[in-house]
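Here's the structure we're looking at; comments come further down.
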Amino acid sequence: MTQPGGGVGVRAGVAERMRVWMLQEAREVRSAAERLEGDGPDAAFGLLAGCTRLVAVTGIGTSGLVAAKLAATFTSSGTAAVFLHAGDALHGGLGLVGETDVAIAVSKSGRTAETLLVVDALRCAGVSVIALTGAPDSPLAEAADAVLDASVTAEACPLGVSATASSTVALTMGHALAMALAARRGWSLRDLARAHPAGALGRATREER
């Protein structure tokens, strides 16, 4: 498959080359947003809205980095969450999660061995699982209670393999879900100030109150 930017010569300006890849990521985000339909988003939102304790976001590799950022976003916007590295989870970390919790499993391929083992253990423990994956027909999707389609047609990469557009789509989809939950719960400036007592955001929030 011809990759976006394939016609941009190596002598092209840096800004031009960067623009090609940035616009490719933007196109993939727009496409993923336009595909949001069916039971997946509603089911994922319902599980998270009904969670009474903790959201565990799990993954490994680049998907693990996305999962860690999503856990931070959920937590700072009023939904208590924790990042559970899939490798660590298989060596005792699963003790953190209970049957009243909800898990979000992030995986581009939906076939990552460690993530699938974690999901299997979570399901056996009675934990509901949301799959955030680039492969909605994968084993991960089949094992999940709700599926969010984060697939892309092409990565923003000359070789077509680096997790660029795919990780951006997963991240923005998770952010959007976290913000939908925050809006539903009436997340306020007072709540934001309580979670961010320091830094520029904390100062700006206190001034707005």
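Side-chain atoms are counted along with the backbone in the values below, which use heavy atoms only and exclude waters and symmetry mates. Computed from a predicted model, the values in this text were never measured in an experiment. Heads up: numbering here begins at 1 and tracks the sequence.
- Side chains of E155 and S162 form no contact here, defined as non-hydrogen atoms less than 4.5 Å apart.
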key: From CA spacing to verdict: side chain to side chain contact (heavy atoms under 4.5 Å, CB included), I60, T112   = CA-CA 8 Å; I60 197 168; T112 306; 3.5 Å; yes

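- Counting only distance, with no hydrogens or angles, the side chain of S31 and the backbone of R27 share no donor-acceptor pair below 3.5 Å.
- To the nearest 0.5 Å, atoms CE (M179) and OG1 (T79) are separated by 8.0 Å.
- Residues M22 and V29 are members of separate hydrophobic clusters, defined by side-chain heavy-atom contacts under 4.5 angstrom among Ile, Leu, Val, Met, Phe, Trp and Tyr.
- In terms of heavy atoms, L148 sits closest to P41 at CD2-CA, 3.8 Å.
- Counted within 6.0 Å of CE on M18, heavy atoms from surrounding residues, nucleotides or ligands total 12 or fewer; the atom is thus considered open.
- No path of Ile, Leu, Val, Met, Phe, Trp and Tyr side chains, each step under 4.5 Å between heavy atoms, connects W21 with V169, placing them in separate hydrophobic clusters.
- Using modelled atom types and a 3.5 Å distance limit, the side chains of R35 and S151 yield a donor-acceptor pair.
- Under a cut-off of 6.0 angstrom, the local environment of CZ in R30 is sparse, with at most 12 non-hydrogen atoms contributed by other residues, nucleotides or ligands.
- When side chains are defined from C-beta on, T153 counts as touching E28, because their heavy atoms get closer than 4.5 Å.
- The two residues A154 and A165 have their closest heavy-atom pair at O-CB, 3.6 Å.
- Under the 4.5 Å side-chain heavy-atom criterion for ILVMFWY residues, no single connected hydrophobic cluster contains both L65 and I104.
- Considering every non-hydrogen atom in both A105 and V129, the closest pair reads CB-CG1, 4.3 Å.
- Taking 4.5 Å as the limit, every side-chain heavy atom of V102 sits out of range of all side-chain heavy atoms of V127.
- Using a distance-only test at 3.5 Å, with no hydrogens or angles considered, no donor-acceptor pair links the side chain of R190 to the main chain of S188.
- The shortest heavy-atom contact between A141 and P136 is CB-O, 3.3 Å.
- A heavy-atom distance below 4.5 Å is found between the side chains of V119 and L140.
- Side chains of T133 and K108 form no contact here, defined as non-hydrogen atoms less than 4.5 Å apart.
- In the hydrophobic clustering of this structure, V20 does not group with L23; members are Ile, Leu, Val, Met, Phe, Trp, Tyr whose side-chain heavy atoms approach within less than 4.5 Å, directly or through other members.
- The shortest distance between side-chain heavy atoms of V55 and D101 does not fall below 4.5 Å.
- F74 and V66 fall within the same hydrophobic cluster, defined by Ile, Leu, Val, Met, Phe, Trp and Tyr side-chain heavy atoms under 4.5 Å apart, directly or through other members.
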request  = List the steps and the verdict of side chain to side chain contact (heavy atoms under 4.5 Å, CB included) for I130 and L47.
outcome  = CA-CA 8 Å; I130 298 166; L47 289 172; 3.9 Å; yes

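- Side-chain polar atoms of S107 and T115 form no donor-acceptor pair below 3.5 angstrom.
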task = Show the numbers, then the answer: is there a side chain to side chain contact (heavy atoms under 4.5 Å, CB included) between M173 and L132?
result = CA-CA 8 Å; M173 192 168 288; L132 178 53; 3.8 Å; yes

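- Other residues, nucleotides and ligands contribute only 12 or fewer heavy atoms inside 6.0 Å of the CD atom of E99.
- Two residues are said to be in side-chain contact when any heavy atoms from C-beta on lie closer than 4.5 Å; L171 and L70 meet this criterion.
- The distance from atom CG of L192 to atom CH2 of W187, rounded to the nearest 0.5 Å, is 5.0 Å.
- At a threshold of 4.5 Å between non-hydrogen side-chain atoms, the residues R123 and D145 count as touching.
- Of all non-hydrogen atoms in T73 and K69, the two that sit nearest each other are OG1-NZ, 2.6 Å.
- Crowding of R184 atom CZ: a count of heavy atoms from other residues, nucleotides or ligands under 6.0 Å not exceeding 12.
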inquiry  = If you apply the rule side chain to side chain contact (heavy atoms under 4.5 Å, CB included), what do you find for L54 with L96, and how did you get there?
reply    = CA-CA 9 Å; L54 191 67; L96 180 70; 4.3 Å; yes

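- The distance from the CD atom of E114 to the CG atom of L90 is 7.0 Å, given to the nearest 0.5 Å.
- A distance-only check finds a donor-acceptor pair linking the side chain of S76 to the backbone of A72 [under 3.5 Å].
- A side-chain donor-acceptor contact under 3.5 Å links E25 and T168.
- Contact record, V106 with A67: CG2-CB, 4.0 Å, taken as the closest heavy-atom pair.
- With salt bridges taken as basic N to acidic carboxylate O contacts below 4.0 Å, none links D191 and R185.
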